[in-house]
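Take a look at the structure below.
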Number of protein chains: 2
Amino acid sequence: MRIPAHSVCTAIRDDIVAGVHGRGSRLTEEILARRYGVSRVPVREALRTLEAEGFVVTRRHAGACVAEPTEQEAADLLETRTLLEPLGASRAARRRTEAHLKVLRGLVRLGQERARQSNGEDLRPLGGWFHETLVRAAGSPSLAALLTQLRHKIAWMYVQEAPAGPVQHWAEHGAIVDAVARGDSERARALMTLHTERSASAYRLRFAPGGGLTERVRNAQHSVNTAGLLQ
Amino acid sequence: MRIPAHSVCTAIRDDIVAGVHGRGSRLTEEILARRYGVSRVPVREALRTLEAEGFVVTRRHAGACVAEPTEQEAADLLETRTLLEPLGASRAARRRTEAHLKVLRGLVRLGQERARQSNGEDLRPLGGWFHETLVRAAGSPSLAALLTQLRHKIAWMYVQEAPAGPVQHWAEHGAIVDAVARGDSERARALMTLHTERSASAYRLRFAPGGGLTERVRNAQHSVNTAGLLQ
DNA sequence: CAAGCGAATAGGGAATACCAAAAGCCCCGA
DNA sequence: TCGGGGCTTTTGGTATTCCCTATTCGCTTG
């Protein structure tokens, strides 16, 4: 599986989010390098980036492991998003361009259509794109980076159940875009607050809600992962 | 100036915040390596980290430059902090340990003392330590990392004027710690909201508020920096 | 037999050398 | 004066090497 070296970071992150590298599993530079078909240096750079993003933890001379966020951290993640997403919406209402509006309206149109017909899984990525473009319309790269990181982590720790009312869900998206189009930043913020609070209930923790995995099981999983990497 | 290679990242970040590497100035790997007395590899890793943190921007095959945040981004930074700091306070109220409380009370005691006597600059770091320990008491490493990054960036882009009423300022700190000690998360959040909103007015943008520096001046500064690096 | 200590090993941290490719520049010519 | 082409600089990436530390396994000893 040879991968362009400059996107090793994305590849590893995706694999972590997808569960290929399990929580707490060891990330050996040599093995990663072979797995993605690059040398150790790009791997190390990627690991530094992922460490800064909070996906891996490193101890000096002891290498990198996939992080093991607690239930508390996972909860904070959702709450952080419910705080920042409205900020993005309000900023977007002030700074959006016509091009942004066009894309947003297209996404909403598509989403509402599909929500009415197929309540299937194919509108999950649409929701992601919607929020992604919205925060980009806010014209603040750092805020956008923050929120995309948050979404990545949330996708990692939570499994998003099919939203209870997809039509309602996308109606809210539409209302937000309307407020953004009118430049009504306060209404956009309020609507987004409601929206994120409502959709937060559709997220369920991925790992055992009780107390996490035992050491025995963790080590077993680790062996499995290592074996898989060596194939 | 030989520096342990594993802290090159911190060194560069500190230099950026301190203004040694000016906004938009070029960061050549070779020069950085010589400046900090390490080889290119640690420098490259550090640059990846700093890129993830938003302090530098890189274009493929065109190297790294110190970022040039717009006025908008700077404003968003302050607003983001006023949103996240209260979250940290409320979490701290639920999760703080006795050890945390002890340190916080000590800091407040010290700060209030110095605020009464010398309204000088020596209580600036105290404020930083206070907020730092408070967010660590929240027991959420990711939230703590987020807020420390925010503080670094704010220190980079803003010059903090001596707070108008240091006594009042530290009285608010005391009230927050009291709420945290009682486990009253909602009151801690509310107090912190007030506190951050109030202190936000003490920050003034570092760079020219009009339209930034001209290309001419920027290049001149760049030469100066380069000369300084080569000494 | 248990517990603790020490040696062996594996893996990360770092330096160095080297190459390819892309970007930026500088100069020359139209 | 402006545009294009070649040259140089610098980055991206690989390979190799050395050193150092954490871990682990086994041995010794109580």
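Here is the naming used below: chain letters follow the sequence lines, and residue numbers restart at 1 for every chain. Because the structure is a prediction, the values reported are computed rather than measured.
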What pairs meet the ring-ring contact (aromatic ring centres under 6.0 Å, His included) rule with one or both residues in residues 56-87 of chain A, with sequence neighbours excluded?
none
Pairs involving residues 25-45 of chain B, ordered by first then second residue, that meet ring-ring contact (aromatic ring centres under 6.0 Å, His included) (sequence neighbours left out):
none
Under the salt bridge (Lys or Arg N to Asp or Glu O under 4.0 Å) definition, can you give me all pairs with a residue in residues 101-111 of chain A, not counting sequence neighbours?
none
Please list all pairs passing the salt bridge (Lys or Arg N to Asp or Glu O under 4.0 Å) test where one or both residues lie in residues 140-158 of chain B, with sequence neighbours left out.
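Counting only pairs at least two positions apart or across chains, the salt bridge (Lys or Arg N to Asp or Glu O under 4.0 Å) contacts touching residues 140-158 of chain B are B/Glu85-B/Arg151, B/Glu132-B/Arg151.
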Between which nucleotides of DNA chain D, 5' to 3', does chain B make heavy-atom contacts below 4.0 Å?
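Answer, 5' to 3': D/dT10 to D/dG13.
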List for me each residue that meets salt bridge (Lys or Arg N to Asp or Glu O under 4.0 Å) alongside [X], sequence neighbours excluded, and say none if there are none.
{"X": "B/Glu51", "result": "none"}
{"X": "A/Arg91", "result": "B/Asp76, B/Glu79"}
{"X": "B/Arg96", "result": "none"}
{"X": "B/Arg40", "result": "B/Glu29"}

Between B/Arg59 (CZ) and C/dA22 (C1'), how many Å, whole number?
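It is 12 Å, rounded to the nearest whole Å.
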Specify the separation, in whole Å, of atom CD1 of B/Ile3 and atom P of C/dA15.
13 Å
Which residues share a side chain to side chain donor-acceptor pair (under 3.5 Å) with A/Arg60, sequence neighbours left out
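So A/Arg60 forms a side chain to side chain donor-acceptor pair (under 3.5 Å) with B/His6.
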Any residue in residues 45-56 of chain B with a heavy atom nearer than 4.0 angstrom to DNA chain C? Just list them by number, or reply none.
none
Nearest heavy atom decides the nucleotide; on that basis, is B/Ala62 or B/Pro4 closer to the 5' end of DNA chain C?
B/Pro4
Could you write out each protein N or O paired with an N or O of nucleotides 16-21 of chain C at a distance under 3.5 Å?
none

Counting C-beta onward and ignoring hydrogens, is there a side-chain heavy-atom pair between B/Thr133 and B/His100 closer than 4.5 Å?
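No - every pair of side-chain heavy atoms lies 4.5 Å or more apart.
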Checking all strands, does [X] fall into the base, sugar-phosphate, or nothing category for heavy-atom contacts under 4.0 angstrom?
{"X": "B/Thr28", "value": "sugar-phosphate"}
{"X": "B/Arg44", "value": "base"}
{"X": "B/Arg60", "value": "sugar-phosphate"}

B/His195 vs B/His131 aromatic rings, parallel, tilted or perpendicular, using cut-offs 30° and 60°?
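Answer is parallel, since the angle falls under 30°.
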